[in-house]
Each structure stands twice: as structure tokens, then as C-alpha cells.
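To start, the structure under review is shown below, and the notes come after it.
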Amino acid sequence: MILQTATALTQPDVAADTVGHSDFPLSCQWFAAHQWQPFPFQLQVWQAVTHGQSGMLHATTGAGKTYAVWMAAIERFALKKTGKSDPEKAPKSARRKAITQPLTVLWITPMRALAADTERALIAPVEALNLDWSIGLRTGDTNSAERSRQSKRLPTALITTPESLTLLLTRQDAAETFDSLKMVVVDEWHELIGNKRGVQLQLALARLRRWQPQLITWGLSATLGNLQHAMDVLIPNASNALLVQGKLAKNLIIDTLLPPGIERFPWAGHLGLRMLPQVVEEIESSPNSLIFTNTRSQCEIWYQALLEARPDWAGLIALHHGSLDRNVREWVENGLKEGTLKAVVCTSSLDLGVDFLPVERVLQIGSPKGVARLMQRAGRSGHAPGRASRLTVVPTHSLELIESVAAQDAIAARNVEPRESPQKPLDVLVQHLVTIALGGGFSADDLLAEVRSCYAYRQLTDDEWHWALAFVRHGGESLTAYPDYRRAIPDEHGVWHVPDAHLARRHRMSVGTIVSDASMLVKFWAKGASGKSLGSVEENFIARLKPGDHFLFGGRLLELVRVHEMTAFVRKATGKKAAVPRWNGGRLPLSTELANAMVARMDSAAHGHFDGPEMHMIKPLLQVQSDWSALPTNSNLLAECMQSREGWHLFLYPYAGRSVHLGLASLIAWRAGKHQPNTFSIAVNDYGLELLSATPVDWETMFKQDIFSTDHLLIDVIGSLNAGELAQRRFREIARISGLVFAGFPGAHKSARQVQASSSLFFDVFRKYDPNNLLLSQAQQEVLQQELEIDRLSTTLQHLQSKQLQLMHIKRPTPFAFPLLVERFRESSSSEKLADRIARMVADLEKAAGGGAYMPQESVTQQAKFNMQEKVYKKRERVRKTGLPSGVAHSDSSQENTTPRRTRIIPPKPRHGF
DNA sequence: GACCTGCTGCGGTGTG
């Protein structure tokens, strides 16, 4: 059932009109007096909860979701059960109150900071109504005094994280602990549903429901495309559940910061420093701003650039990203909360968890990559009911003008990305088995039914289940000799337990599904001793520096003093020039929703429609594209062929995001190579792909054949890409989650490289001696699903088949082709050659465009030089590492979790019969 | 002196 509610009510009389003032429950009256008039959707939630119904509440950030559910919980469980509040007594802090009411409500948030904020929010009404409820917080930050208090008895409402909940399930007395639980609330469910953390939570909730079949479950979500699925995953038998959409008349304004002129605006590039003066102006004109960047190094660079432009802002602006030390980050968050900071440059680290912050202005530097992300970030401003949220996109190259306007279209049409639950990840299941074996033990049949009640495991086969049991019993076929892998064993009654206290401890220390990268701590070195911690950087970045070298980190210029035990000690440095660390993060491909909106804009441009200032501005560039070649449309697939000194180029623009393009390019190269032996170089970006061959290819004929066929897709993709190597990288995470590899005691600083080495060892051993190990196939599945987006590739292929091919022979690279050329050059083998090449290309382009009209890329040459250096470094590293004992396959940690930017493919020689 | 792609999130032990 879907209920759609009307516009927000800000006038008290309207609210009273709608919900009936006299029917106000006590808790609602409290809200009426202290907070605001309830929105209709809040009352819907209230009605459902007081009738014992589960459901999901979807509304924009800042709409009051937390209070909607909380006041309902109070009404149902505090006021009805324990009688009226007692206004005579002096209120006592609910945080320290003696526990008279047992654990009733469990509140789960994906972040510690959010948990702390939530605690503050929940306490207020409990104290004001003077309920005999106690509120408590349980995360990794909870101190030992509070922990021991909680180990005796949990508070009435416990706020926690998925990981901490799982840890509670490892308690021997878990069943009694949750005996009195009545309701679970999962906050920011959209953040969890699509990943393994969400699966871990699904398993934990199934456990709680076994003990409490009547458990009321509520999910809170924002910015999600597939609400029904999200509810189905959270609540089994969701047909009885209620989906409430709080439709607020929230104004979401997305606009674009236009460059002064399109003529000198780059065709490629990602930093966007060209826009610095305009951005400074925007920051100036507003009391406080958040400036989102897409990567951590970009964040550092922009912070520095802003300071250089406005030295008087020192102390007024700050930066925030995931590699900075927690203290630094908390300082920044507090500065935002208190309004003492004028601007913060950040990454997604501030997407969530900064509720109740007074931010006026949000800027997004570079591509937003997805609709949901942009909405989420826009929601950081005007974070209160009735106030407009505004976000301004700052393009870093010309085509991002279209991306920005496309994002506005997608938001207007509410085309938000869906998120799907992963399908039966066995590493998470294996971890869960040990968790439950610890938490009182299990009998196999009962637990199987419970596990299958989770959406992610609803199709778990008997074979898979027995494999998982065998795996926790003796580590599968190849590890039976090792006692460390006998983690759970059935007793004579068939109840599985963990046989060994040592293994139990190790398991508790490995709970969770987040696997971190290899990194090194950065600390100050003062007077011969270790000082304040600043954060962490990639091992391999530090390895490239020698003592005395300067680098930029956390907004400071630092000098490397020494490296000792996985810590880089630094001191403050002076000067101007420094290296900026590059972290290896995940890659965010352009989402389907945003890409489709872009193609739609391109299509209308091809038909002569240029609506809005962005399209108007980019018109001359699209004119060049269409003069030299053509524009892609909804019905046409644009392909461009070009001959250069390098060979024969094919450019194709499917607009399907970089990971699909990588798979697609490899596939085309592979299939083309079957018809005609050839060697291809590949380059991809979010908009298209390039195939470069040494000999000409008759693409026209080739496209008429089965090159876009979805037949044998899996086989061809696995064959064309080195899927085995990709799977090995994936396996590191699986090995950690499934408990094969122990990351060591906290603070022991076992190198993540060691973890990598041992997981590679397991990978090889399994492949040799236990090829049916299901964790191997899981690794391959994950590569196909997540890194290559095989489903999206398949739909892209179908889509391409239905399109009319428009093959253009071009004389020079078009505005669309140019960024792809640059992408490939970035790893060119000779920087001198590259410098010449770029210069020549720019000159050619300018000539072609009628004199000095286009400047495609800023500082490509220096960039190439740096890459060159890195390449030499990596090569040296590889040589150094060949000293490893044979049999221990090694994979460079800098390469983890990344798909190759460029692959050279040499397809197989045609076999007989072809 | 170089110089610039790739995000985020959690958790845990030891014992006189």
C-alpha cells in the first residue's frame, strides 16, 4: 500500500485541520508545543506504529523522519504501557537514568556520528515528558564504563550500528538480551541496502525476528529510486507493511556556475581550477558553504587553491575527507555546527551525518555522476522543513555543462538511481554462522530457515548451505589440517558452537564487512618523539618520497622526516611546491539515469533545441561536433573513424559509464579480433570509448555482424578481460569477511600488504586444491556484477543493437573524441612525445576552428610527466618484489580495487572453423 | 623541482 501525502504544513491551523487537534496523542502535543506542527506523513506513521504495523518512510532530508517514528514509538510503548508521564518530578537525564524499562526500541544508523546526533534528538522528548525510559548509545566509541553497564542491562532505547548489533549477537546470552525488544528502526536504509553491510543487517534482523516474531520494523530512507524493493528487503512479508512517502514541497534548486566563455574552456580535465575566481566569488557572497569534490586529492588541491586566492580566509575555511584523522574531522564538523567556518571543501565524507547543520550554500565541483548523490548533497543546504535546498554545479570541462542540465532534468522527473540488495554473498553468511555459533549456538535446520527468510538469501540452495557449514567446520577441502579454521562445531545434540576462546576473540575482532586499503599513518614528529596524528595516506605514495621531500596533506605543507612501523613522521614545511597524495579509491561510473538524461539533451540539441543557459552556452561546441561529425541522438549510435600516425581509431559513444565502456571495448576488440587478427589499445571515459589498432578495421561490416550480440556474453567478457586477475583482487575482501585472513590486533599495524599476500596465497591454494570453493566463484561474480556491471553491459548491448549506426569518417579528433585521446595519452610511454603531440593537436584544432578558438586541456604535459614517474616507480617496485618466494602471487596494493584504465588486448588467433 | 582521479562506512584485545 502506498500512501502519498500532501504538501508540508507550516501553518498550525492547517495541521490541526488535517489531523484533528483533539485527537492529538500526548507525544504529538509535546511536539506541537516544542517543535513544530506534525506533517500529515508523520501522523500516518504514528497511526501505523500504534497499530503495530511495520513500514518504510521515505522523505527528503530534514523533513522530520526521526521524530515521526520516535513519537510513534513513545506513544505505543512508553505512554500506553507505563502510564502517563509525571510532570511533578524533576526531569533526569535519560542517558544516566536507572533502567526501569527493558530494551524496547533498537535504532540503527550507518554512522557513529549520526548515532550520537540521534541520541541527542531522542533524549529531548523523553526528558521533557519525563518518561521512565533510558536512552543509550552503543558503537565502537562507547567507553568501557558504559559498556559494562550495558552488559548487565541494555537501555530502553539503544542506538547502534549494524556492526555493533552483530557484536551484541555474539553474546552467549543474546536471546535473553533481546527478549523484550519490540521495535527496530533502521535510519538511512538507502545507504545500507545495496551493500554487504546491509546484508549483515538483514541477517541480524532475521535473528531478532526469530526471538520476536511481532517485531515492528521501520526503515527511513531518502533519495532512492526503488522504494518497494527497499521495503521488501527490510521487511519480510512486506505486503502488510506501509510505505509512506512524505511529499514535502521542498524546493530543490540545481544550477550551474557558468564559465566566462566557452571558447577557452577545456574539453577535458577534471580539476576545474579554471573556475577558481567564480567559486571564490560564490563563497564570498554566502555566510557559509560546502564545496564537494569527487576525490580526496582534488579536495586538497582546491583547499590550497582557495587559500592562495584568499589568504585572509586562513582559519575560516577547512577541508574534510576520509583520510584525515578523526580529531581533525570532528574539529571541522564542530566548526560547521557552530557556524565558525565560512567554507569546507569535502568529499562524500560530508554527504551524511551532518544533520542540523546551518549550511547556506552547496557547490559541486565536477561531475555529480549520479542523480541521488546530487540530491543528497543539495539536501545539505536549507536543512529544515520548508526551506529550499540549493546546489550549484561547477563544471570542470565543457561537456559537464550538459551533465549539469541533465541532472536537473532527471531530478525534475524524479529519475533517481535504484539500489538493489546483493545476492547471497557467502562470505557474509560464513561470518554470520560463526557469530550465531558464538551467540548461544544454532541448530542447522532452524538457522537455514532463518537465513532464507532474508531477502539476500531467499534463493540459497541446500548445496550452498552445506558448503557454508563445512567451511566454518573445517575451512573447506583444503584447510582441514588447520585448527584455526575449525571455527564452529556441532555438539552431540546438533547445536553448533565455537570450540575455542581464542577463535571467539578473533571473530569478535573481525566482525564487519568493510575492508580498508593499505595505508600509512601520518604523524607529526616533534622533539624526537611522535606527536599529533593527521590521518593516513597510501603506503605507496610515501614510499615514493624520501626524507626531506615535501607533500600536501590535510591542508598543510609537510616535510617527511622518517618512516617507521607503518607511520610516516612529518614536520611542518615552508615553501610553495609539494606533491599531493593520490589515494586509490573506488571509481564512480556515471549512472544510467544521468547518462540517459544527457543523451536526451544531446538528442534535442541535434534537433535544434538549446534550452537553458547551459545548453545555450555549449551550443558553439556542439556545433563544432556536428560540423566535423555528428551528434548522438536517441535513435542513432554515433561512431567515428579516424586515421592518425598512431594507427586507426574508432570512437564510440554509448554513454553507459566507464565500467561498461571498459567491458564493451574489450568485448568489441575480442570479437573483432576473431574475424581479423589485430592488436588494440583501449581508452574509456564515462561518455564513450576508443579502440586504436595498428591496421585498419572494416567497422562498417563488423557492426553488421554479431559484434553487439549478447550471446556468450559471459564467456567473451571473461575471455577478453583478464577476469582472473580482477577476481584475485576482489578475493582480498572476501577472505577478510569470511574470516580466512585475520587483519591482526588493533594498533599492531600489520601491513595491509601482508593481508593482501596471504589472501593471494589462499586464492592460489583454493584454485589448485579446492577449485569448487564457492568463495572463488563469489569473487568472480562480484567482479562481473560490480566492477564490470555485466547486467548494465548486457542492456547496453541490446540498446546498441536497436540503434541505427551512424559511422562518420573524421579528419581530426572531435570535441567528443579529444578527451578519449587524452585519456589514453595519460599513460603514454614517452612524455616528450606526448608534449609534442598535444601541442600539435591543439594547434591543429585551433587552426581548424578558425584561429585560437579552442584550448582543449590544461597542463596535460606536466600530468603525463608525473604519470611517467609513477610508472617508473611502480616498475621498480615490481622488480623489487620479485624477490618474493615463488607461489606467493603478489598484487601491487596500488592496483587493488581498480580496473585497468587501459588494456592492451591481443585477441586469440582464429581457430579452425572460424 | 617536479604535480595531480577516482568516495564512503565499522569494529576489536590484553588483566593485577
Side-chain angles (χ1 to χ4, degrees), chain A residues 109-115 138-142 144 147 160-167 170 188 191-192 195-198 200-201 269-273 292-302 304-305 320-323 346-353 366-367 369-370 373 376-377 396 501-502 504-517 541 544-545 549-552 575-589 658-659 685-686 736 742-748 823 826 831 858-870 897-899 901:
Chain A
T109 78
M111 280 174 64
R112 290 179 295 223
L114 198 55
R138 175 73 177 232
T139 68
D141 295 339
T142 306
S144 55
R147 271 165 195 261
T160 186
T161 60
E163 287 79 9
S164 286
L165 171 59
T166 301
L167 282 162
T170 65
E188 311 276 8
E191 284 296 318
L192 294 169
N195 54 44
K196 289 181 182 175
R197 292 184 80 194
Q200 183 166 45
L201 185 58
H270 73 278
L271 278 183
L273 286 175
F292 281 102
T293 57
N294 283 338
T295 71
R296 285 165 279 186
S297 59
Q298 192 181 16
C299 181
E300 296 270 354
I301 290 165
W302 263 90
Q304 211 59 30
H320 191 283
H321 61 70
S323 289
C346 60
T347 60
S348 333
S349 55
L350 285 183
D351 269 1
L352 284 176
S367 164
K369 304 282 188 182
R373 172 174 294 101
Q376 181 80 30
R377 290 182 175 177
T396 62
H502 174 72
R505 199 178 84 196
R506 218 173 86 155
H507 178 76
R508 286 199 183 94
M509 286 169 54
S510 314
V511 159
T513 59
I514 300 173
V515 179
S516 311
D517 286 333
F541 172 75
R544 198 152 30 116
L545 303 173
D549 280 355
H550 291 182
F551 66 103
L552 200 59
K576 279 231 146 174
K577 299 292 179 185
V580 179
R582 288 160 53 175
W583 290 267
N584 276 301
R587 293 191 171 157
L588 313 161
R658 57 171 309 123
S659 44
N685 63 18
D686 274 331
R736 261 286 274 113
F742 180 51
F745 291 97
E823 186 75 25
R826 275 172 33 175
S831 57
E858 40 183 332
S859 71
V860 194
T861 50
Q862 293 97 318
Q863 195 177 326
K865 254 182 166 175
F866 185 84
N867 286 337
M868 186 57 210
Q869 238 191 336
E870 191 160 83
N897 293 329
T898 62
T899 42
R901 183 183 303 282

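Just so it is clear: chains get the letters A, B, ... in the order the sequence lines come, proteins before strands, and each one is counted from 1.
- Look at A/His270 and the base of B/dT5; the rings stack, centres closer than 5.5 Å and planes less than 30° apart.
- Annotation: salt bridge (Lys or Arg N to Asp or Glu O under 4.0 Å) contacts of A/Arg373 (sequence neighbours excluded): none.
- Dashed line: the shortest gap from a side-chain N or O of A/Ser349 to OP1 or OP2 of B/dG9 is not under 4.0 Å.
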Decide yes or no on side chain to side chain contact (heavy atoms under 4.5 Å, CB included) for A/Asn294 and A/His270, but give the supporting numbers first.
CA-CA 9 Å; A/Asn294 283 338; A/His270 73 278; over 6 Å; no

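- Taking only side-chain nitrogens and oxygens, A/Arg373 never comes nearer than 4.0 Å to OP1 or OP2 of B/dT8.
- Counting only heavy atoms from C-beta on, A/Met111 has its side chain closest to B/dG9 among B/dG11, B/dG9, B/dG6.
- OP1 or OP2 of B/dG6 sits under 4.0 Å from a side-chain N or O of A/Ser297.
- In this structure, the nucleotide among B/dG6, B/dT8, B/dC10 sitting nearest to the side chain of A/Arg197 is B/dC10.
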Restricting to nitrogen or oxygen on both sides, can you table the protein-nucleotides 14-16 of chain B pairs closer than 3.5 Å?
none

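- In this structure A/Arg138 satisfies the salt bridge (Lys or Arg N to Asp or Glu O under 4.0 Å) test with no other residue, sequence neighbours excluded.
- For the OP1/OP2 pair of B/dG11 and a distance below 4.0 Å, the side-chain nitrogens and oxygens of A/Thr161 include at least one atom meeting the criterion.
- Between B/dC7 and A/Arg296, a contact under 4.0 Å exists linking OP1 or OP2 to a side-chain N or O.
- Between B/dG9 and A/Thr513, no contact under 4.0 Å exists linking OP1 or OP2 to a side-chain N or O.
- Across B/dG9, B/dG6, B/dC7, the shortest atom-to-atom separation from the side chain of A/Thr347 is found for B/dC7.
- Taking 4.0 angstrom as the limit, A/Arg377 places none of its side-chain polar atoms (N or O) nearer than this to OP1 or OP2 of B/dC7.
- Looking only at atom types and distance, the side chain of A/Thr139 has no donor-acceptor partner in the side chain of A/Arg112 under 3.5 Å away.
- The shortest distance between side-chain heavy atoms of A/Glu191 and A/Arg197 does not fall below 4.5 Å.
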